[in-house]
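Structure, as structure tokens:
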Amino acid sequence: WLKQLGADQVINYRATNWWNESVIPNGTIDFIYDTVGQLGTAQRATGKLKSGGVFVEIVHRGPEVGLDANPLGDCVQIFVRGTSESLMVLKDLVDSGIVKPRVQQIFSLEQARKAWSSSA
């Protein structure tokens, strides 16, 4: 699915140490979208970016995860915190068909903890 979106390489971060130079050489990535937000991810990710590369991190674990305080070169870092306004924009994009979500699994409200764990 990710390759259909244009990804050259898809890595399962649970099974592979993506920050290892032999997996992803430094300075070779155009864009990184972090939906996990673990401590240390930003520092590892920005080293992988090409000149002018972009690192986007959404808030999953709180703002203390943050961005890389000392990014290399001219990379761009974006920290996204979901708000009700941004969720409404996303809703409108989905309703209009511009964004087409891919539903992997549906959880009941009682399974909220399991859903959260599955998303990270």
Side-chain angles (χ1 to χ4, degrees):
W1 178 73
L2 291 171
K3 287 194 175 196
Q4 292 173 349
L5 294 176
D8 295 322
Q9 182 179 10
V10 178
I11 298 170
N12 178 350
Y13 72 93
R14 292 180 180 173
T16 304
N17 292 331
W18 59 269
W19 56 87
N20 187 314
E21 179 77 15
S22 66
V23 176
I24 301 175
N26 289 338
T28 61
I29 303 294
D30 295 304
F31 182 83
I32 298 172
Y33 184 67
D34 177 23
T35 61
V36 179
Q38 292 178 328
L39 288 171
T41 296
Q43 292 79 6
R44 291 172 174 158
T46 55
K48 301 298 177 186
L49 292 173
K50 290 180 180 177
S51 176
V54 177
F55 172 66
V56 176
E57 180 172 65
I58 65 169
V59 178
H60 243 263
R61 309 237 187 257
E64 69 277 358
V65 173
L67 299 174
D68 185 354
N70 300 297
L72 300 174
D74 61 349
C75 72
V76 176
Q77 298 183 90
I78 302 170
F79 187 68
V80 179
R81 175 174 291 183
T83 64
S84 59
E85 292 84 11
S86 65
L87 290 175
M88 288 306 294
V89 170
L90 182 58
K91 176 196 173 299
D92 292 343
L93 291 170
V94 171
D95 288 348
S96 68
I98 294 171
V99 172
K100 296 179 183 192
R102 180 177 175 265
V103 178
Q104 182 177 359
Q105 189 173 355
I106 298 173
F107 297 90
S108 68
L109 184 56
E110 292 78 20
Q111 296 174 303
R113 185 177 303 263
K114 181 179 179 189
W116 181 261
S117 294
S118 294
S119 72

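The basis for the numbers below is simple: all heavy atoms, side chains too, and nothing from hydrogens, waters or symmetry mates. Source: prediction; values computed, not measured. We're numbering straight along the sequence, starting at 1.
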**Q.** N/O donor-acceptor pair under 3.5 Å between N17 side chain and W19 backbone
**A.** no
Q.
Would you compute the distance between atom CZ of F55 and atom CG of D34 and round it to the nearest 0.5 angstrom?
A. 4.5 Å
Q) W18 pairs by side chain to side chain contact (heavy atoms under 4.5 Å, CB included) with which of I29, N12, T41? A) T41
Q.
Is it the case that atom CG in D95 sees more than 12 heavy atoms from other parts of the structure closer than 6.0 Å?
A. yes
Q) Under 3.5 Å, is there a donor-acceptor pair between the side chain of T28 and the main chain of P25? A) yes
Q. For atom CD of E21, is the number of surrounding heavy atoms from other residues, nucleotides or ligands below 6.0 Å larger than 12?
A. yes
Q: Go through the steps for K48 and I32 under the test side-chain contact (heavy atoms from CB on, under 4.5 Å), then give the verdict.
A: CA-CA 9 Å; K48 301 298 177 186; I32 298 172; 4.2 Å; yes
**Q.** Worked check of side-chain contact (heavy atoms from CB on, under 4.5 Å) between V10 and K3
**A.** CA-CA 7 Å; V10 178; K3 287 194 175 196; 3.9 Å; yes
Q) Got V23 and I11 here, is their nearest side-chain heavy-atom distance under 4.5 Å? A) yes
